[in-house]
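What you see is a predicted model, and the numbers here were worked out from it, not measured in a lab. A, B, ... follow the sequence lines: proteins, then strands. Residue 1 opens every chain.
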Amino acid sequence: MKVLYFSWMRERVGLTSEEVETRAATVRDLAQELAVRGENYAYAFENLAAVRVAIDQEMAELDTPLAGASEVAFFPPVTGG
Amino acid sequence: MKVLYFSWMRERVGLTSEEVETRAATVRDLAQELAVRGENYAYAFENLAAVRVAIDQEMAELDTPLAGASEVAFFPPVTGG
Amino acid sequence: MSVSVQKQDFNISAEMDALTAGDRDIGAVVSFTGLVREMTSAGAITEMALEHYPGMTERALADIETAACARWPLQGVRIIHRYGPLAPGDRIVLVLTASRHRTAAFEAASFLMDYLKTKAPFWKKEAGPAGSQWVDARDVDDAQAARWEAPPDAS
Amino acid sequence: MSVSVQKQDFNISAEMDALTAGDRDIGAVVSFTGLVREMTSAGAITEMALEHYPGMTERALADIETAACARWPLQGVRIIHRYGPLAPGDRIVLVLTASRHRTAAFEAASFLMDYLKTKAPFWKKEAGPAGSQWVDARDVDDAQAARWEAPPDAS
């Protein structure tokens with residue numbers, strides 16, 4: 001699965017994207033797996049309430065199942081317009 | 001006093017403006033004086049509910065006093081924009 | 001704050017640039033452009049003639065601008081209204097509002113159009129194959145204008 | 001119906017002409033232009049960088065357009081959103097709506113901006129003498145977007 005990071009999630013993790021092998025059932029499970037990969041990840045995921053997610057380029061929730069997903073993106077609340 | 005006509009009031013009366021000598025107390029009194037000047041005026045003023053008025057270039061009502069007025073305009077409801 | 005009543009067409013980009021020039025605290029600009037529609041309730045038209053009341057028109061538009069500026073925090077307002085003969089597709093009116101945030105700019109532009117429709121002395125006459133006729137005022141325009149009589153927070 | 005996500009600036013008059021070309025049944029065009037403000041809560045900025053999510057951005061904007069077209073009788077919609085480094089006074093976003101009557105055009109443009117602000121994957125980073133920081137999302141934007149969740153006639 002491809003995992004992307006944007007805005008300060010990208011800066012904290014230090015990556016724009018990476019390939020991740022996971023059996024996580026939900027977005028929240030995936031976030032918790034990633035959070036223990038190192039200090040940079042722990043910092044990025046320290047407050048899940050401030051994290052938004054998209055699955056295959058559609059907005060999703062932390063409890064959305066990951067079954068069949070090929071691309072997951074983590075980012076803060078959007079600030080365009 | 002200068003009296004102006006716009007839109008179909010102008011077409012019905014057949015004038016864009018005229019000088020009128022009057023002692024009419026209100027716009028309604030003036031309209032009634034004008035209405036008996038001829039068929040063209042009678043036609044223009046036949047339905048006062050469809051007539052709007054401005055006194056010295058400010059929107060007014062039929063019952064607004066004419067005291068001190070130098071310019072009165074009659075026209076249908078506006079349709080700009 | 002600026003009002004023009006003119007025969008000639010206008011350029012929206014140029015007007016917007018002029019309105020925002022030198023003010024880097026503007027975050028939102030809303031424009032409304034009114035165009036002559038070909039199809040009317042009386043069929044297809046070939047011309048739309050706009051008559052107005054010179055002197056009063058400028059005054060009424062300036063009053064409407066003043067009312068908008070008293071009600072919303074605007075950094076700029078521009079109204080241009082054309083008169084004379086126009087064709088289907090032609091621009092009739094431009095309203096521009098500039099503010100820090102979008103809500104004020106949107107609301108003020110909507111307010112300006114509602115007031116302009118009911119308070120500015122313009123009259124439209126449509127002409128087509130079947131002859132010409134003065135456009136009737138629409139009750140819905142009075143209703144639109146009336147909604148601004150209530151305080152802004154009541155909506 | 002058309003969406004662009006681009007680095008370069010846009011010309012509002014040209015976009016409006018393209019949107020209305022050939023359709024003489026459009027009576028109202030509303031535009032919203034968002035500009036980079038110099039003064040922010042963190043002081044004067046010298047740059048505003050916009051990051052986005054290529055692919056998802058275009059999809060999200062197209063979805064927002066579709067939602068607007070389902071809700072209002074629109075003859076045209078155009079969204080342009082820039083990304084990359086911008087300076088104070090620069091244009092960020094353009095929304096255009098065209099309809100027979102002004103109410104639909106005004107409401108749809110306002111809706112598009114509210115939805116875009118809360119659903120399109122863009123992130124702003126401001127830079128100034130004191131350093132750079134990501135812009136926080138505003139609760140008021142969520143509230144603005146939420147008001148469209150109710151049926152249109154309920155407002």
Legend entry - Inter-residue atom distance F6(B).CZ - W134(C).CH2, 0.5 Å rounding: 10.5 Å
Legend entry - E39(B) atom CD, over 12 foreign heavy atoms within 6.0 Å: no
Inset, instruction - Check each atom of K124(C) against the heavy atoms of chain B and say whether the ones under 4.5 Å are side chain, backbone, both or neither. - result: both
Inset, instruction - Please indicate whether D139(C) has more than 12 foreign heavy atoms, meaning atoms of other residues, nucleotides or ligands, lying under 6.0 Å from its CG. - result: no
Legend entry - Side-chain heavy atoms of R59(C) within contact of E58(B), under 4.5 Å: yes
Legend entry - Taking every non-hydrogen atom, the tightest pair across T79(B) and V135(C): CG2-O, 3.3 Å
Inset, instruction - Check whether any side-chain heavy atom of Y53(C) lies under 4.5 Å from a side-chain heavy atom of L4(B), and answer yes or no. - result: yes
Inset, instruction - Grab the two heavy atoms, one from P121(C) and one from V78(B), that are nearest each other, plus how far apart they are. - result: CA-CG1, 3.7 Å
Inset, instruction - Could you tell me the separation between the CD atom of E51(C) and the CH2 atom of W8(B), rounded to the nearest 0.5 Å? - result: 12.5 Å
Legend entry - E61(B) CD: over 12 foreign heavy atoms closer than 6.0 Å: no
Inset, instruction - Would you mind checking which part of R10(B) comes under 4.5 Å of any heavy atom in chain C, side chain (CB onward), backbone (N, CA, C, O), both or neither? - result: side chain
Legend entry - pair K125(C)-E11(B): side-chain heavy atoms closer than 4.5 Å: yes
Inset, instruction - State whether the number of non-hydrogen atoms from other residues, nucleotides or ligands found under 6.0 Å of Y43(B) atom OH is greater than 12. - result: no
Legend entry - Side-chain donor/acceptor of H81(C) to backbone N/O of G80(B), under 3.5 Å: no
Legend entry - Min side-chain heavy-atom separation W123(C)-P76(B) under 4.5 Å: yes
Inset, instruction - Heavy-atom distances under 4.5 Å only: say whether D63(C) touches chain B with side chain, backbone, both or neither. - result: side chain
